[in-house]
Amino acid sequence: MTRIVVLGGSFGGLTAALELRRLLGKEAEVTVISDDDKFTYLPSLPWLIMGWRRPDDITLGVDEILKPEGISFIREAARGVDPDKSKVTTASTEISYDYLVISTGPYLSFDEIPGLGPEKGHTDCTFTLDHAIKTGQTWKHILENPGPVVIGSAQMVSCFGPSYELAFEMHAELKRRKLRHKVPLIYLTSEPYLGHMGVAGMGNSKRFFEDEFADKEIKTIVNQAIEEVTPEEIRLKDGSKIPFKLAMIAPPFKGVPAVAPLGNPRGFIPVDKNYRHTKYRNIFTIGVAMAIAPPEPTPVPVGVPKTGFMTVKMAKTASAAIFSDIKGSAPPPQSELEVICLMDMGNSAALMKASPVLPPRQQSYTKKGIWAKWLKVSFEKYFLWKMKHGISNLP
Amino acid sequence: MTRIVVLGGSFGGLTAALELRRLLGKEAEVTVISDDDKFTYLPSLPWLIMGWRRPDDITLGVDEILKPEGISFIREAARGVDPDKSKVTTASTEISYDYLVISTGPYLSFDEIPGLGPEKGHTDCTFTLDHAIKTGQTWKHILENPGPVVIGSAQMVSCFGPSYELAFEMHAELKRRKLRHKVPLIYLTSEPYLGHMGVAGMGNSKRFFEDEFADKEIKTIVNQAIEEVTPEEIRLKDGSKIPFKLAMIAPPFKGVPAVAPLGNPRGFIPVDKNYRHTKYRNIFTIGVAMAIAPPEPTPVPVGVPKTGFMTVKMAKTASAAIFSDIKGSAPPPQSELEVICLMDMGNSAALMKASPVLPPRQQSYTKKGIWAKWLKVSFEKYFLWKMKHGISNLP
Amino acid sequence: MTRIVVLGGSFGGLTAALELRRLLGKEAEVTVISDDDKFTYLPSLPWLIMGWRRPDDITLGVDEILKPEGISFIREAARGVDPDKSKVTTASTEISYDYLVISTGPYLSFDEIPGLGPEKGHTDCTFTLDHAIKTGQTWKHILENPGPVVIGSAQMVSCFGPSYELAFEMHAELKRRKLRHKVPLIYLTSEPYLGHMGVAGMGNSKRFFEDEFADKEIKTIVNQAIEEVTPEEIRLKDGSKIPFKLAMIAPPFKGVPAVAPLGNPRGFIPVDKNYRHTKYRNIFTIGVAMAIAPPEPTPVPVGVPKTGFMTVKMAKTASAAIFSDIKGSAPPPQSELEVICLMDMGNSAALMKASPVLPPRQQSYTKKGIWAKWLKVSFEKYFLWKMKHGISNLP
């Protein structure tokens with residue numbers, strides 16, 4: 001019986017575990033290791049911050065998903081991986097694997113910038129359920145006691161979408177509450193220009209966001225790295241200071257410590273086009289944990305985003321490659337990675353597509369419309385339904 | 001009987017006088033002092049320059065407005081105000097007041113720039129009836145003997161709308177006359193970017209004007225201060241020279257000398273939110289005479305515009321505050337000042353709204369359409385009708 | 001019998017010869033000298049490169065056009081002009097003229113930049129039938145073996161339209177073939193900004209091309225001069241290097257050597273508004289051979305384009321002036337030169353109009369639509385039909 005260990009219980013880990021179980025049935029023993037017993041539909045965290053979703057609306061128990069499929073779940077953090085001995089260590093045990101799938105997401109590296117982060121620092125964040133709940137509370141204070149809000153991304157971030165969404169959503173909510181004129185909204189970013197998004201833009205995304213932000217009077221500060229954050233202001237490396245009452249700042253991303261030694265200096269793991277480790281052939285890495293070189297050097301370093309959509313696709317590709325490996329057949333041909341993103345804009349939404357992810361591209365566009373909002377809301381329900389029923393072979 | 005003196009016979013002065021009479025009836029003696037016996041509907045002066053209005057179309061006798069309402073009119077320039085003794089001096093007399101309303105508009109400070117202005121200099125101007133009549137003559141010469149036209153604003157200007165309008169109107173008129181290719185049109189401004197308008201822009205106004213001017217091939221020179229003007233060219237502080245045959249240049253604004261000692265170094269008078277002088281509690285100041293701090297420092301200093309629309313609103317707020325003061329009640333709560341502006345664009349027009357005037361704002365937009373032109377033309381008739389009949393309690 | 005010699009057998013030369021024959025009938029002996037026995041409808045060369053036209057579709061024999069009209073054709077290159085003796089020299093003969101019409105087009109000055117050009121260098125070109133055929137072959141290689149494509153214009157170019165067209169067409173063709181993501185498309189130009197086109201832009205052409213290129217992810221490098229070209233890369237004067245697999249680079253333009261001594265240092269010939277040489281009154285010059293001063297100095301020097309449409313108009317104006325000169329009457333009044341250009345955009349097209357050619361202008365616009373594509377295709381057929389039948393008195 002092939003022993004497959006999956007690190008991570010979010011989009012990538014769960015999809016890989018379900019897909020491997022589906023493909024291999026009883027031939028494989030699939031074990032998921034994660035320190036979080038909840039699956040959170042992360043794309044809805046901005047809505048949770050805004051008060052438009054409660055935690056229960058967008059979470060599922062991991063066990064509830066895996067148990068009916070006969071997948072083991074160990075609720076512990078992985079401590080490390082020994083790639084030569086093919087073993088994963090946790091606080092209490094050691095697990096051997098024939099194949100390892102790493103889908104551990106990012107390590108939110110708040111420590112790199114003094115004063116950053118919701119725990120030891122002065123800024124909020126939208127990347128985990130707990131952070132989002134806390135940010136939602138700060139947002140409530142802003143509604144009662146308005147003041148400047150800074151939304152943005154520090155250097156080395158590789159996920160810009162939620163920040164754009166929050167800027168649009170806060171604008172919309174403040175307008176509805178007739179408070180917009182009491183809250184200066186500032187979008188601060190390490191991107192070299194608005195709409196870069198870590199992928200050198202998508203078609204006319206620069207002008208799209210410039211126009212939308214100008215129209216909504218969301219002030220923009222691009223191409224900046226953060227030096228430090230005090231309780232009252234963000235200090236940029238260029239010396240300027242931005243006062244805030246709420247600062248939702250995405251921190252630098254790194255690989256999580258348990259798997260970082262398998263990767264590059266920032267801990268992202270190099271893979272081939274089947275997401276197989278370039279050196280350790282029985283290790284696969286998908287999602288944010290995996291390394292993609294940026295499309296172009298930028299004055300302030302930024303990373304390439306890997307959306308939930310992309311991660312799910314990677315999970316299927318990696319699972320198919322493991323299946324082929326076990327069966328001794330060639331892995332199925334893979335199409336190039338593309339990104340389809342539904343970006344909420346408060347009262348509207350936009351569908352962004354880039355295929356492949358990085359330029360030059362066969363296709364890339366941004367289309368705005370209320371239909372994109374309906375799609376986004378529907379997809380949330382659909383994905384949670386799919387997960388709840390352990391379905392991995394639907395788009 | 002309360003003695004109320006109003007300095008100024010334009011939008012603010014007349015509205016304040018009529019409104020105070022309406023509120024206080026025979027309890028107050030209201031006196032208007034102005035050296036001009038005509039009320040000019042200033043927003044139509046660009047049309048007068050273009051030959052689309054005659055002076056009679058857009059002027060009313062001040063006496064004709066005030067007499068039926070029992071308001072006294074002294075046709076003299078104020079020489080000075082003694083705030084401690086509550087007295088206004090003119091060339092021939094001295095008038096004591098219980099309340100003073102200052103609505104003296106701007107002092108057009110041509111002297112600050114050598115060669116500027118229609119009297120001692122070489123440039124034209126659109127801010128008074130006489131200036132506009134003279135500019136209209138220069139414009140006729142241009143139509144007969146075409147050459148480069150520069151329209152714009154010097155440093156310390158706080159009224160940009162008419163310059164934008166003239167640029168659009170001249171373009172439209174030249175096209176109609178098939179002369180556009182003989183007249184280079186240059187828009188020269190102290191604004192840091194097109195569409196700033198002294199209020200840090202309104203929504204996407206930067207792109208709006210950039211697109212409109214590019215489309216109409218109106219050349220743009222932004223962020224400039226003028227050093228001096230010779231009969232043939234405008235010399236900028238950065239050393240460049242702009243030749244012209246007609247130069248319609250708005251001069252630096254200051255407070256008028258008679259009231260300037262009550263104000264800041266440039267003579268603009270500091271007020272609270274009821275337009276009450278921050279020191280002399282029986283003096284109120286409305287319109288351009290009043291001080292508003294700019295929304296952001298700009299490389300070349302510019303001021304915040306106060307439109308006729310805003311000035312009328314200020315007149316009503318100040319009148320209500322005086323009424324409350326006399327009655328010993330609290331002044332009615334005031335909404336924040338907003339601006340609604342109908343900007344003529346020659347063959348079309350645009351409605352611009354900023355609420356409040358300065359960012360951050362609850363609302364701000366620019367909408368272009370022929371309906372805005374109809375609105376603008378209708379409002380001119382409506383306002384003149386309202387003034388002629390001494391009506392101050394309609395919007 | 002008046003002897004009229006026409007140098008050049010393209011748009012200008014043929015139109016002038018036909019028009020002079022039509023006006024003067026048997027009073028004149030008209031001789032065309034050209035080293036090319038084919039007339040090529042040059043605006044369709046980008047389509048030939050793309051494989052959308054064959055050479056036969058867009059060429060006519062010069063003899064086939066001229067013989068039925070009784071116009072002589074000498075198929076030889078002109079060696080020189082002696083303006084004092086009114087003689088043209090070719091390799092084999094010497095021809096005296098009473099009037100000379102020069103319509104020799106540009107000399108493609110590849111030699112000014114090491115490594116430039118399809119003969120001695122490493123770049124392709126679209127300005128002659130032979131060059132376009134060769135570029136078409138390189139393009140086929142790109143489709144089989146994709147790699148970066150650079151399209152653009154060196155310093156001193158005065159014809160930008162075909163480069164814009166090729167960028168759009170290649171994008172469209174690559175999309176159709178699902179190869180777009182394998183071919184980085186770069187538009188490299190000496191224009192100071194996108195859409196300048198040597199005429200300081202036309203209306204909002206800057207934003208039009210910026211938006212279109214951003215939308216299509218055609219990377220843009222503006223305001224550049226080329227230092228040299230190696231087999232693998234273009235080296236710019238600013239030190240940057242652009243790798244390519246296909247580089248379609250328009251070379252600097254000069255006057256052709258045989259007539260250059262009659263012109264300015266770059267060999268373009270100065271004329272009055274009837275296209276008459278400013279010194280030699282029996283010499284007329286039309287089309288690219290003629291000198292037009294640029295509308296404004298640019299950081300990298302560029303020239304004013306003369307389209308086929310403009311050249312045909314110049315040919316008629318010059319012919320009318322020669323006719324008047326012979327008849328001893330005043331030349332008919334001439335309207336200012338305007339440009340109407342149908343620019344192919346692959347799946348669509350745009351109509352661009354500038355009237356007059358250089359700013360300030362009475363009219364200028366860019367309108368995009370499929371109707372412009374139909375117009376462009378129809379006009380090709382119409383013009384070739386007109387030429388084939390020796391018709392010069394239709395628009």
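Just so we're on the same page: letters track the sequence lines, and every chain starts at 1. Computed from heavy atoms alone, side chains included, the values below leave out hydrogens, waters and symmetry copies.
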Please check: side-chain N/O of C:Lys175 versus main-chain N/O of C:Lys216, any donor-acceptor pairing under 3.5 Å?
no
Tell me, for A:Glu336 versus chain C, whether the close heavy atoms (under 4.5 Å) come from the side chain, the backbone, both or neither.
side chain
Between A:Asp272 and A:Arg281 (salt bridge meaning N to carboxylate O under 4.0 Å), is one present in this structure?
yes
Okay, side chain of C:Thr128, backbone of C:His131: is any donor-acceptor separation there less than 3.5 Å?
yes
Proximity breakdown for C:Ile218 and chain A, heavy-atom pairs closer than 4.5 Å:
neither
What part of A:Arg207 gets within 4.5 angstrom of chain C, counting heavy atoms only: side chain, backbone, both, or neither?
side chain
Nearest heavy-atom contact between A:Tyr193 and A:Gly201 is OH-N, 3.8 Å
Look at A:Ala200, A:Ser205, A:Pro356 and state which one has the largest set of heavy-atom pairs under 4.5 Å with chain C.
A:Pro356
Parallel, tilted or perpendicular: which one describes the rings of C:Tyr164 and C:Phe213, with boundaries at 30° and 60°?
tilted
Checking C:Leu179 against chain A: side chain, backbone, both or neither under 4.5 Å from a heavy atom?
backbone
